[in-house]
A.B. asks: 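Right, I'll just put the structure down here and ask away after.
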Amino acid sequence: MIKPTFGDRIMIFMIYVFLIVLAFVTFYPFWNSLVISFNTGKDTMLGGITFWPREFTLENYQIVFQDKRLLNAFMITILRTAIGTFLSVLVTALLAYGLSKKELIGRNFFMIFCLLTMFFSGGLIPTFLLVRGLGLMDSFWVMIIPSLVLVWNMIIFRTFFNQLPKGLEESAKIDGCGNWQIFFRIVLPLSGPVIATLSLFTAVFHWNDWFFPSIYITSENLIPIQTLLRQVLNSNTVTSQMSQLDAGALSHMSSVAKVTGKSLSMATMMVATIPIMLVYPFVQKHFVKGVLIGSLKE
């Protein structure tokens with residue numbers, strides 16, 4: 001074992017200091033928002049809230065969870081994330097499996113055609129006209145269908161499928177399996193790390209996306225939680241934000257004198273952020289392995 005020199009130790013120390021500072025700068029805004037959400041709004045307006053609540057309260061969350069709009073938006077987001085992730089990963093994997101076959105006629109053409117979409121988009125107005133022409137305006141499926149195929153995920157899937165031993169498929173064909181049986185019974189079960197990693201990427205995309213619904217959805221009962229959160233955070237005054245609450249939340253808030261628009265905004269943001277963060281620990285063991293296997297070609 002080579003003993004590190006004095007210069008190596010200085011460099012390691014500087015790297016650790018840099019990483020600690022970077023972690024603090026990255027994590028502190030989230031922590032401060034969490035602290036404010038548990039602090040009384042009137043006290044927060046005085047300033048000085050940093051690492052711990054000065055006047056702890058749960059009133060902000062009580063009011064937020066009494067707002068029926070938020071609960072409905074939360075359910076829409078959960079449905080969108082679950083259905084969108086499942087369908088997107090399935091369709092993308094099917095496309096990648098087909099493009100991984102060297103005997104596919106026109107494989108290079110279809111691959112180039114897919115790659116072009118990564119560099120040149122249709123633009124906002126043509127996309128709007130296309131969505132309207134397909135009859136997807138103001139519907140739940142406008143948040144699912146346009147993002148069914150993600151080219152980058154398809155490339156990772158395709159690279160991973162190319163690394164699978166060809167003997168597996170050949171032996172399965174000898175046993176009488178067709179392409180569909182090979183894909184669902186052999187290929188997908190062996191793709192666990194890649195599926196877990198790309199499912200996480202796709203789920204985070206669906207959970208955090210507010211732009212698509214803000215353009216193509218006008219019905220309040222279809223607005224996801226991130227779009228609702230953007231409306232809350234963009235409120236110019238406390239009065240305008242309070243007016244967005246439903247009657248139940250307003251009646252409860254009238255008995256609470258220490259709640260402000262900022263405290264409600266922070267509580268809403270925590271409700272919209274924490275659930276997706278809880279998913280990471282369950283797929284962490286597959287994360288690095290899935291990206292590494294799916295992005296390297298031997």
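The chain is numbered in sequence order, starting from 1.
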A.B. asks: Measure the CE-CG distance between M143 and L222 for me, rounded to the nearest 0.5 Å.
C.D. replies: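 It is 6.0 Å, given to the nearest 0.5 Å.
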A.B. asks: Start with the C-alpha distance between S219 and D138, add both sets of side-chain angles, then the distance that settles side chain to side chain donor-acceptor pair (under 3.5 Å), and finish with yes or no.
C.D. replies: CA-CA 7 Å; S219 301; D138 201 24; 2.7 Å; yes
A.B. asks: Between S263 and N60, is there a side-chain donor-acceptor contact under 3.5 Å, judged purely by atom types and distance?
C.D. replies: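 Yes.
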A.B. asks: What distance separates D209 CG from Q226 CD, expressed to the nearest 0.5 Å?
C.D. replies: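 Output value for this atom pair is 9.0 Å.
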A.B. asks: Does CZ belonging to F56 count more than 12 external heavy atoms closer than 6.0 Å?
C.D. replies: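 Yes, CZ of F56 has more than 12 neighbouring heavy atoms, counting only those of other groups under 6.0 Å.
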A.B. asks: With a 3.5 Å distance limit and no angle check, can you tell me whether T57 reaches the backbone of N39 through a side-chain donor-acceptor pair?
C.D. replies: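 Looks like no, no N/O pair under 3.5 Å.
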A.B. asks: Examine I105 and F110 and state if one hydrophobic cluster contains both, with Ile, Leu, Val, Met, Phe, Trp and Tyr joined whenever side-chain heavy atoms are less than 4.5 Å apart.
C.D. replies: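 I105 and F110: separate clusters.
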A.B. asks: Just by modelled atom types, is the L148 backbone N or O under 3.5 Å from a matching donor or acceptor in the T92 side chain?
C.D. replies: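 Looks like yes, one N/O pair under 3.5 Å.
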A.B. asks: Could you check whether any side-chain heavy atom of F157 comes within less than 4.5 Å of a side-chain heavy atom of V89, counting everything from C-beta outward?
C.D. replies: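 Side-chain contact under 4.5 Å: yes.
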A.B. asks: Test I225 against V271 for side-chain contact (heavy atoms from CB on, under 4.5 Å), laying out the working first.
C.D. replies: CA-CA 9 Å; I225 193 169; V271 172; 4.2 Å; yes
A.B. asks: Atom SG in C114, atom CZ in R158: separation rounded to 0.5 Å?
C.D. replies: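 Result: 10.0 Å between the selected atoms.
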A.B. asks: Would you mind writing out the side-chain donor-acceptor pairs for residues 11-29 within the sub-3.5 Å range, not counting sequence neighbours?
C.D. replies:
residue	atom	partner	partner atom	Å
T26	OG1	L22	O	2.7
Y28	OH	N32	ND2	3.4

A.B. asks: Determine the minimum heavy-atom distance between T202 and G84, stating which atoms define it.
C.D. replies: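 That would be CG2-O, 4.4 Å.
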A.B. asks: Counting neighbours of CG on L278 that are heavy atoms of other residues, nucleotides or ligands and sit closer than 6.0 Å, is the number greater than 12?
C.D. replies: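 For L278, atom CG is crowded (more than 12 foreign heavy atoms under 6.0 Å).
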A.B. asks: Nearest heavy-atom pair of L70 and L228: which atoms, and what distance?
C.D. replies: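 Looks like CA-CD2, 3.6 Å.
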A.B. asks: Out of curiosity, does Y97 fall in the hydrophobic cluster containing V151 (side-chain heavy atoms, cut-off under 4.5 Å, transitive links)?
C.D. replies: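 V151 and Y97: one cluster.
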A.B. asks: Please table the atom pairs, donor to acceptor, closer than 3.5 Å between any side-chain atom in residues 184-194 and protein atoms at least two apart or in another chain.
C.D. replies:
residue	atom	partner	partner atom	Å
S191	OG	V187	O	2.7

A.B. asks: Indicate the atoms forming the closest heavy-atom contact of A96 with M154, along with that distance.
C.D. replies: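 It is CB-O, 3.4 Å.
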A.B. asks: Using 0.5 Å steps for rounding, measure from the CD1 atom of I223 to the CH2 atom of W210.
C.D. replies: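 So the gap between those two atoms works out to 13.0 Å.
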A.B. asks: Are I155 and F113 linked, directly or through intermediate hydrophobic residues, by side-chain heavy-atom contacts shorter than 4.5 Å (ILVMFWY only)?
C.D. replies: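 Not linked; separate clusters.
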A.B. asks: Can a donor-acceptor pair be found, under 3.5 Å and without considering hydrogens, that links the side chain of Q163 to the backbone of F160?
C.D. replies: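 No.
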A.B. asks: I'd like to know whether the aromatic ring centres of Y216 and F212 sit less than 6.0 Å apart in this structure.
C.D. replies: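 Yes, the ring centres sit under 6.0 Å apart.
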A.B. asks: Please report the shortest heavy-atom distance between T273 and M269, naming the atom on each side.
C.D. replies: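 Nearest heavy atoms, T273 then M269: OG1-O, 2.7 Å.
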A.B. asks: Using 0.5 Å steps for rounding, measure from the CE atom of M266 to the OH atom of Y61.
C.D. replies: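 That separation rounds to 10.0 Å.
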A.B. asks: For W207 and F74, take the angle between the two ring planes, folded into 0 to 90°, and tell me which bin it lands in: parallel under 30, tilted 30 to 60, perpendicular over 60.
C.D. replies: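 W207 and F74: perpendicular rings.
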A.B. asks: Mind checking whether L150 and V142 sit in one hydrophobic cluster, side chains of I, L, V, M, F, W, Y counted as touching below 4.5 Å?
C.D. replies: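 The answer is no; the residues belong to distinct hydrophobic clusters.
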A.B. asks: Can you see whether N162 engages T159 through a side-chain donor-acceptor pair at a distance of less than 3.5 angstrom?
C.D. replies: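 Judged by distance alone, the side chains do not pair up.
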A.B. asks: Checking M277 against F30 for the side-chain contact (heavy atoms from CB on, under 4.5 Å) test, could you report, in this order, the C-alpha distance in whole Å, the side-chain angles of both residues, the deciding distance, and whether it holds?
C.D. replies: CA-CA 12 Å; M277 294 178 60; F30 172 81; 3.8 Å; yes
A.B. asks: When clusters are formed by joining ILVMFWY residues with side-chain heavy atoms under 4.5 Å apart, either directly or through shared neighbours, do L34 and L264 land in the same one?
C.D. replies: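 Per the 4.5 Å side-chain linkage, L34 and L264 are co-clustered.
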A.B. asks: What verdict does the side-chain contact (heavy atoms from CB on, under 4.5 Å) test give for W31 and W52, after you've listed the backbone C-alpha separation in whole Å, the side-chain angles of each residue and the deciding distance to 0.1 Å?
C.D. replies: CA-CA 9 Å; W31 178 257; W52 305 104; 4.0 Å; yes
A.B. asks: Which residues pass the salt bridge (Lys or Arg N to Asp or Glu O under 4.0 Å) test with K173, sequence neighbours left out?
C.D. replies: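 Partners of K173 under the salt bridge (Lys or Arg N to Asp or Glu O under 4.0 Å) test: none.
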A.B. asks: Keeping R80 on the side-chain end and P224 on the backbone end, is there a donor-acceptor pair under 3.5 Å?
C.D. replies: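 The answer is no, because no donor-acceptor pair under 3.5 Å joins these two groups.
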A.B. asks: Between M111 and L99, what is the shortest heavy-atom contact and its length?
C.D. replies: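 Nearest heavy atoms, M111 then L99: SD-CD1, 4.0 Å.
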A.B. asks: Rounded to the nearest 0.5 Å, what separates atom OG1 in T85 from atom CD1 in I195?
C.D. replies: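 Those atoms lie 13.0 Å apart.
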A.B. asks: Going through the checks in order, is the side-chain contact (heavy atoms from CB on, under 4.5 Å) test met by K102 and R107?
C.D. replies: CA-CA 7 Å; K102 296 182 179 180; R107 185 179 76 148; 3.9 Å; yes
A.B. asks: Specify the closest pair of heavy atoms between I182 and C177, including all atoms of both residues, with the distance to one decimal.
C.D. replies: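 So the minimum-distance heavy-atom pair works out to CG1-CB, 3.9 Å.
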